Amino acid sequence: VNNPELIWPEANRMEIILDEMVQVKQNRNVAMRDANSTIRLDKPYTEPVGPAKVSVVGSPSISNVKGVLLGVRNPKRLGSNSSDDGEAKSAVIWFDELRLTDFNKSPGWAATGRVDATLADLGRISFNASHTSAGFGSIEQKISEIPQESVTNYMVSTDIDAGKFFGEKAGVKIPVHVDHAVSKITPKFNPLDPDIELKDDLNTYISEQQRDSVKDITNDITKRTNINFMNVRKERKSSKKKNNIYDIENFDASFAYSHSYHRNIDIEYDEQKVYRGGLGYNFNSRPKNYKPFNKSKSLKSDWFKLIKDFNFYVVPKVLSVRFDMNRDITKRLDRDKSFGDIITYPRYNRVWTWNRNYDFKYDFSRSLNVEYSAGANAYIDEPTIYPDKDTEEWQLYKEQVWREVLSLGTPQNFNQSFKVTYNLPLRKLPLTDWMKLAASYQGLYTWTAPSKTVQARFGNTIENSNQKQLNGSANFYDLY
């Protein structure tokens, strides 16, 4: 036989167009939206496609296909009217040149842009945006690796020194940072039916409201907003001015607000609000040293050097207090994709902490100094239920929160350190001026509270320790 048509007749050629199979499923889905339709998801739905017929049950997806099964049916004789004689058949069957062709090679594109503007000496503002369409990829990527989603990002941010409005001589510093960013991911294929293009699925809906509802579910949206006032303060304009303990320049304040929102096919909303506030007081000085007997003419002898060099300080060297309060409110609701079979409820997570730090350094004299530092960590014990505003429960909620704030919160951890150093005045005496001796004492204390649910049973944990140290040296060169 030399005729190729006789060897492999045209009737034996099978061309399976995957888009036609997907179209049958989409037709079934559209038909099911009719309230009077008898079509069900768990029953076969069949449409003729050319000489063949396509049946679909459930929600299969071409994107999940891992293998293909090919076979030939040889039904047995069923009843006297069957055309099958019921006899055994012997045949040679070829499945030759099975391949996948006509890949979608639609090109993609990408663009990015940025604009920066300087607002004189007040600050700056910038805007940047980018877009990547579905099908855009690098040269090294295979067709199966190219993203099938379009991504749009934009961000606007500004940094301003609002203290400029008070004039240069005022020395007021108010750094302000504000930014807002949005990221939108639009899939090319419907995540609920991964083998149906989203635009084709949207075209099957009649009303604009229905299309918008599908977009809200399928689009991946992320929004972020930040507002910061960091280290708001008044600077000293003259270095010659005396540093007083009551100066406004010793104070600084900070506030930060962050809001993020995210939703996608699996999450109906995931929202987080973070509030951070801080108030600090920091006094650093070079206090004047007083020597009341330094100019006394009757104390010129070396034996009175100890009395003549007597000195003291009036003002502490360092006095620092810092309060930082952080509040984090998160709420999340997973999307219900079971059409009511599984009821989902929002989840809340609220954390409100209050940290306090203290630092004190005081030199009684040039040979005696004291250092003290302490830190306390507490949290605001909020009611479990977060009520709606403008209700009686909301008023009770605010009253309990304010009681916690005014009582400095529920303590969780406290630690302190105390250190005293004294240099003995041996060099002030003629007989021992060739020796040095320094003594120091340091004490540490830590208090830790367990979880509130077990605090009454296990109690709190206290740890303390101390260290005593004596350092001495002798210079025999001065002795001889």
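In this text, all values refer to a predicted model and were calculated from it rather than measured experimentally.
- Arg263 and Asp216 are joined by a salt bridge, as a carboxylate oxygen and a charged side-chain nitrogen come within less than 4.0 angstrom of each other.
- For Phe364 and Tyr362, the ring centers are positioned less than 6.0 Å apart.
- For NZ of Lys436, the number of neighbouring non-hydrogen atoms (other residues, nucleotides, ligands) closer than 6.0 Å is 12 at most.
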- [ ] Test side chain to side chain donor-acceptor pair (under 3.5 Å) on Ser258 and Asn226 and set out the steps.
- [x] CA-CA 5 Å; Ser258 176; Asn226 296 286; 3.0 Å; yes

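- Within the structure, salt bridge (charged side-chain N to carboxylate O under 4.0 Å, His left out) contacts touching residues 373-384 (residues at least two apart or in different chains) are Arg327-Glu382, Arg350-Glu382, Asp381-Lys452.
- Formation of a donor-acceptor pair under 3.5 Å by the Trp434 side chain with backbone atoms of Leu431 is found in this model.
- Ser451 contributes no side-chain N or O that, together with a main-chain N or O of Val454, makes up a donor-acceptor pair within less than 3.5 Å.
- In this structure, Tyr290 and Phe312 have parallel ring planes: the angle between them is below the 30° cut-off, well short of the 60° mark.
- Using modelled atom types, one finds no donor on one side chain facing an acceptor on the other under 3.5 Å when comparing Asn289 with Lys291.
- Arg211 places a side-chain N or O within donor-acceptor distance of the main-chain N or O of Tyr205, the cut-off being under 3.5 Å.
- Of the candidates Thr218, Asn29, Ile196, Asp201 forms a side-chain contact (heavy atoms from CB on, under 4.5 Å) with just one, namely Ile196.
- Not counting sequence neighbours, Asp19 has no partner by the side-chain hydrogen bond (donor to acceptor under 3.5 Å, both in side chains) test.
- Put simply, CZ on Phe360 and CG on Leu319 are 7.0 Å apart, with the number rounded to the nearest 0.5 Å.
- Nearest heavy-atom pair across Leu426 and Met435 is CB-O, 3.7 Å.
- Summarising the geometry of Pro187 relative to Asn219, their closest heavy-atom pair is CD-OD1, 4.0 Å, with the distance given to 0.1 Å.
- Between Trp109 and His131, the two ring planes are tilted [angle within 30° to 60°].
- At least one side-chain heavy atom of Asp220 sits less than 4.5 Å from a side-chain heavy atom of His262.
- In this structure, the side chains of Asp433 and Lys305 stay at 4.5 Å or more apart for every pair of heavy atoms.
- Using a 4.5 Å heavy-atom cutoff, the side chains of Glu268 and Thr344 are not in contact.
- Ion pairing of Arg347 with Asp334 is present here, as a side-chain N (NZ or NE/NH1/NH2) and a carboxylate O approach within less than 4.0 Å.
- The backbone N or O of Pro60 lies less than 3.5 Å from a partner atom in the side chain of Lys25, making a donor-acceptor pair.
- Between Asp195 and Val22, the shortest heavy-atom distance links the atoms O-CG1, 3.3 Å.
- Between the CD atom of Glu271 and the OG1 atom of Thr330 there is a distance of 9.5 Å, given to the nearest 0.5 Å.
- Side chains of Gln416 and Phe418 form no contact here, defined as non-hydrogen atoms less than 4.5 Å apart.
- Counting heavy atoms from C-beta on, the side chains of Asn250 and Arg236 come closer than 4.5 Å.
- The only member of Arg233, Lys173, Arg322 that meets salt bridge (charged side-chain N to carboxylate O under 4.0 Å, His left out) when paired with Asp252 is Arg322.
- Glu140 meets the side-chain contact (heavy atoms from CB on, under 4.5 Å) test with Ser138; sequence neighbours excluded.
- Contact of the Thr225 side chain with the His180 side chain is registered, since non-hydrogen atoms from C-beta on lie closer than 4.5 Å.
- Once rounded to the nearest 0.5 Å, the distance linking CG of Leu202 with CD of Glu208 reads 9.0 Å.
- At least one donor-acceptor pair closer than 3.5 Å links the side chain of Asn243 to the backbone N or O of Asn284.
- No more than 12 heavy atoms of other residues, nucleotides or ligands shown are found within 6.0 angstrom of CD1 on Ile385.
- The environment of Glu235 atom CD is dense: over 12 non-hydrogen atoms of other residues, nucleotides or ligands sit within 6.0 angstrom.
- Judged by distance alone, the side chain of Asn190 and the main-chain N or O of Leu192 form a donor-acceptor pair under 3.5 Å.
- When every heavy atom of Ala134 is checked against every heavy atom of Gln148, the shortest pair comes out as CB-C, 3.9 Å.
- Counting all heavy atoms, side chain and backbone alike, Tyr269 lies closest to Pro346 at OH-CB, 3.5 Å.
- The environment of Asp390 atom CG is sparse: at most 12 non-hydrogen atoms of other residues, nucleotides or ligands sit within 6.0 angstrom.
- Contact between Asn326 and Arg276 at its shortest, heavy atoms only, is OD1-CG, 3.2 Å.
- In this structure, Asp359 and Val318 have side chains that are in contact, with non-hydrogen atoms separated by less than 4.5 Å.
- A distance of 3.5 Å separates CZ in Arg332 from CD1 in Ile267, rounded to the nearest 0.5 Å.
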Open item on the list: Test side chain to side chain donor-acceptor pair (under 3.5 Å) on Ser183 and Asn153; report intermediate values, then the result.
Closed with: CA-CA 5 Å; Ser183 176; Asn153 298 309; 2.7 Å; yes

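- Within 6.0 Å of NZ in Lys188 there are more than 12 heavy atoms belonging to other residues, nucleotides or ligands.
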Open item on the list: Set out, in order, the CA-CA distance, both residues' side-chain angles and the distance that settles side-chain contact (heavy atoms from CB on, under 4.5 Å) for Val182 and Lys223, then state yes or no.
Closed with: CA-CA 5 Å; Val182 176; Lys223 300 179 181 180; 4.1 Å; yes

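- Looking at Gln26, its side chain does come within 3.5 Å of a backbone N or O of Asp200 through a donor-acceptor pair.
- Here CG of Leu396 is found 8.5 Å from OG1 of Thr391. Values are rounded to the nearest 0.5 Å.
- Atom CZ of Phe229 and atom OG of Ser254 lie 11.0 Å apart (nearest 0.5 Å).
- A donor-acceptor pair is defined here as one N or O able to donate and one able to accept, closer than 3.5 Å; such a pair exists between the side chain of Thr158 and the backbone of Arg124.
- Inter-residue side-chain proximity for Ser150 and Ile185 is flagged as unmet; no heavy-atom pair is nearer than 4.5 Å.
- The aromatic ring centres of Tyr397 and Tyr386 sit less than 6.0 Å apart.
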